[in-house]
Every structure is written in structure tokens, then in C-alpha cells.
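In what follows, a single structure is set out as C-alpha cells and then discussed.
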Amino acid sequence: MIKNSIPLNQCETGDHVVIESMSIQGVMRRRLLDLGFVKGAQIEVLQKSPLGDPAAYRVNNTTIALRKEESSQILVRKA
């Protein structure tokens, strides 16, 4: 794990974070890269569902919902 980085799913609503790395593979990785989930991109945590899964995130003026199994594989640091 990269120093001072945490999985995206551990962030709280309203947090602004920067992507450090992603360990997602396959079609989902390609989709996230196309949406702007690249190293150095800023993400805002918009909201989490009542049970915490999925959660909504904003990157490059695009809102996307990710399940915990996906967001746990994206390492971020506080912006």
C-alpha cells in the first residue's frame, strides 16, 4: 500500500481525494479509465446509500456509483 493512501470505500461523504492507484482489472478497469479514474484525478464522495453500498462519486463532472468491491480496489489520498 502507498504511504498515506486508503481505499476509496473508506472515505466519508463530502471528502475530496486524489487517486493514487487502481488494482481493478478487465472491462471495469477500462470503463473507469474512460470515465477519468486515472492517477492524479480528483474525486468527490457525493453520498453513500443507507447500507453503505453502493456509493456515488464525482470525477470530471461525471457521477458514478461504485460497489464496495470496486471502490475498495482504488487507493486514494486526501486532496
Please evaluate residues Leu33 and Met22 with respect to the criterion side-chain contact (heavy atoms from CB on, under 4.5 Å), reporting the C-alpha separation (whole Å), side-chain torsions for both, the decisive distance (0.1 Å), and the verdict. CA-CA 10 Å; Leu33 290 172; Met22 279 196 320; 3.8 Å; yes
Checking Arg77 against Val17 for the side-chain contact (heavy atoms from CB on, under 4.5 Å) test, could you report, in this order, the C-alpha distance in whole Å, the side-chain angles of both residues, the deciding distance, and whether it holds? CA-CA 5 Å; Arg77 63 176 165 78; Val17 295; over 6 Å; no
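You'll find the side chain of Val18 stays beyond 4.5 Å of the side chain of Ile43, heavy atoms only. Phe37 is not listed as a side-chain neighbour of Ile24, based on a closest heavy-atom distance of 4.5 Å or more. Using a 4.5 Å heavy-atom threshold, the side chains of Val76 and Cys11 count as touching. Taking the side chain as every heavy atom from C-beta outward, Ile74 and Leu32 approach each other to under 4.5 Å. Using a 4.5 Å heavy-atom threshold, the side chains of Leu46 and Thr13 count as separate.
Shown here for Glu69 and Ser72, the closest heavy-atom pair between the two residues is O-OG, 3.3 Å.
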Counting only pairs under 3.5 Å, give me each side-chain donor-acceptor contact of residues 61-68, with atom names and distances, residues two or more places apart or in other chains.
| from | atom 1 | to | atom 2 | distance (Å) |
| --- | --- | --- | --- | --- |
| Thr62 | OG1 | Asn60 | O | 3.4 |
| Arg67 | NH2 | Glu70 | OE2 | 3.1 |

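Interatomic distance, OG of Ser71 versus CD of Gln73, reported as 9.0 Å (0.5 Å rounding). Rounded to the nearest 0.5 Å, atoms CG (Asp15) and CD (Gln10) are 11.5 Å apart.
Every residue two or more places apart in sequence or in another chain that forms a salt bridge (charged side-chain N to carboxylate O under 4.0 Å, His left out) with Arg30 is listed here: Asp34. Legend: residues meeting side chain to side chain donor-acceptor pair (under 3.5 Å) with Asn9, ordered by chain and number and at least two apart, are absent.
Pairs engaging residues 43-58 under the side-chain hydrogen bond (donor to acceptor under 3.5 Å, both in side chains) rule: Glu44-Arg58 [sequence neighbours left out].
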